[in-house]
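First the structure, in the form of structure tokens, and then the observations on it.
We count ligands from 1, going down the list as the structure has it; atoms in each ligand are counted the same way.
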Amino acid sequence: RDFIIRTTSVGERLALGVITIVDDLTVRNQLDTIRRDFVANVSHELRTPIGALGLLAETLAFEDEPSVRQRLANRIQNEAFRVAKIIDDLLDLSRFESEGAASISRVSMPELAMEVIDQISPAAELQRVTIDLRLNSEDTYVLGDRGQLRSALTNLIDNSVKYSEPNSSVLVEISQNNSTVTVAVVDHGIGIPQKDIERIFERFYRVDQARSRQTGGTGLGLSIVRHAISNHNGTIEVDSREGAGSTFKIHLPIEPGANQ
Ligand code: ADP
């Protein structure tokens, strides 16, 4: 009987060993696929504006009419901004992924939100969208990485403006309970189809490619938000209805390392 038991346990160990090796290979293959897809996506995203830059410069060289030259120069500038934005977003994403929440300080969320709203307001005004801020206390702090939290708020508020209808408003609401600070960003814009909601946090995923590009989107904003918030042990909630609007809520524990 001893013999049988020992044989079985060795067999089990062997079987487990085989399963582990298969698992490692599967994970490695999956990571390879993700990396290959990512490189292909980045190349594609950069190739489009760089191709446009080449063509625009060539056209400019043969154009004499000053007003057309000016228009071409403006378009060259826009495409160059676009390349820079993609690179900046990629750098943020890779930094947030590899560093975690790097430099922790006491961050006033109302102050941070006001700073971000001031920065986005000129673009919002051009679109005739107003941004309101509502607080239940001026004294709302989290211990976190200010740069990452700023980036999360910037991307969420920027999206809510970009995907709003003209003459509508965006509400940023900050509230707090004993352990958690919640920032809700509410818009009355185009909304997100139900089938796309679970994919919008993936890199380069967009519901409408054309609208995202036209508004200067890189398709990386929500991946940046997701990493920044998960680095703070926070969570994100999305509630959206097509044609009616979207609400993105982030819940952040007040203390770093504390789980909700
Ligand atoms: P993008 O640069 O394209 O805005 P994001 O990663 O920030 O990329 O968002 C991914 C996609 O999610 C967007 O292309 C858009 O289709 C959708 N989306 C994000 N926020 C909103 C919003 N507030 N309202 C409607 N759609 C949104």
Tell me: protein heavy atom nearest [atom], and distance?
{"atom": "atom 11 (C) of ligand 1", "value": "Tyr205 O, 3.7 Å"}
{"atom": "atom 21 (C) of ligand 1", "value": "Tyr163 CD1, 3.5 Å"}
{"atom": "atom 12 (O) of ligand 1", "value": "Ile200 CG2, 3.4 Å"}
{"atom": "atom 23 (N) of ligand 1", "value": "Asp187 OD2, 2.9 Å"}
{"atom": "atom 3 (O) of ligand 1", "value": "Ser212 OG, 2.5 Å"}
{"atom": "atom 7 (O) of ligand 1", "value": "Asn159 ND2, 2.8 Å"}
{"atom": "atom 26 (N) of ligand 1", "value": "Ile192 CG1, 3.3 Å"}

Work out which heavy atom in [X] is nearest to a heavy atom in [Y]; give both atom names and the distance.
{"X": "Ala52", "Y": "Glu79", "result": "CB-CD, 3.9 Å"}
{"X": "Ser43", "Y": "Val39", "result": "OG-O, 2.6 Å"}
{"X": "Thr235", "Y": "Ile229", "result": "N-CG2, 3.6 Å"}
{"X": "Phe201", "Y": "Ser223", "result": "O-OG, 3.3 Å"}

Any [X] heavy atom less than 4.0 Å from ligand 1:
{"X": "Gly191", "answer": "yes"}
{"X": "Phe248", "answer": "yes"}
{"X": "Lys162", "answer": "yes"}

Relative to the heavy atoms of [X], which atoms of ligand 1 are at a distance of less than 4.0 Å?
{"X": "Arg206", "result": "3 (O), 14 (O)"}
{"X": "Ser246", "result": "22 (C), 24 (N), 25 (C)"}
{"X": "Thr218", "result": "2 (O)"}

Polar proximity ligand 1 side, [X] side, N/O cut 3.5 Å exclusive:
{"X": "Ser223", "value": "no"}
{"X": "Gly219", "value": "yes"}
{"X": "Gly221", "value": "yes"}

Answer yes or no: is there a donor N or O on one side and an acceptor on the other, between the side chain of [X] and the main chain of [Y], under 3.5 Å?
{"X": "Arg69", "Y": "Glu63", "answer": "yes"}
{"X": "Asp132", "Y": "Leu171", "answer": "no"}
{"X": "Ser240", "Y": "Ile192", "answer": "yes"}

Answer yes when Asp32 and Arg35 have at least one side-chain N-carboxylate O distance shorter than 4.0 Å, and no when they do not.
-> yes
Selection from Val207, Leu222, Val225 by shortest heavy-atom distance to atom 6 (O) of ligand 1 = Leu222
Report the C-alpha separation of Asn41 and Glu45 in whole Å, then their side-chain angles, then the decisive distance to 0.1 Å, and conclude whether the side chain to side chain donor-acceptor pair (under 3.5 Å) test is met.
-> CA-CA 6 Å; Asn41 276 332; Glu45 295 290 334; over 6 Å; no
Inter- and intrachain pairs under side chain to side chain donor-acceptor pair (under 3.5 Å), touching residues 81-91, at least two apart = Lys85-Asp89, Asp89-Thr218
Can you list every salt bridge (charged side-chain N to carboxylate O under 4.0 Å, His left out) pair that touches residues 101-123, not counting sequence neighbours?
-> Glu115-Arg146, Glu115-Arg150
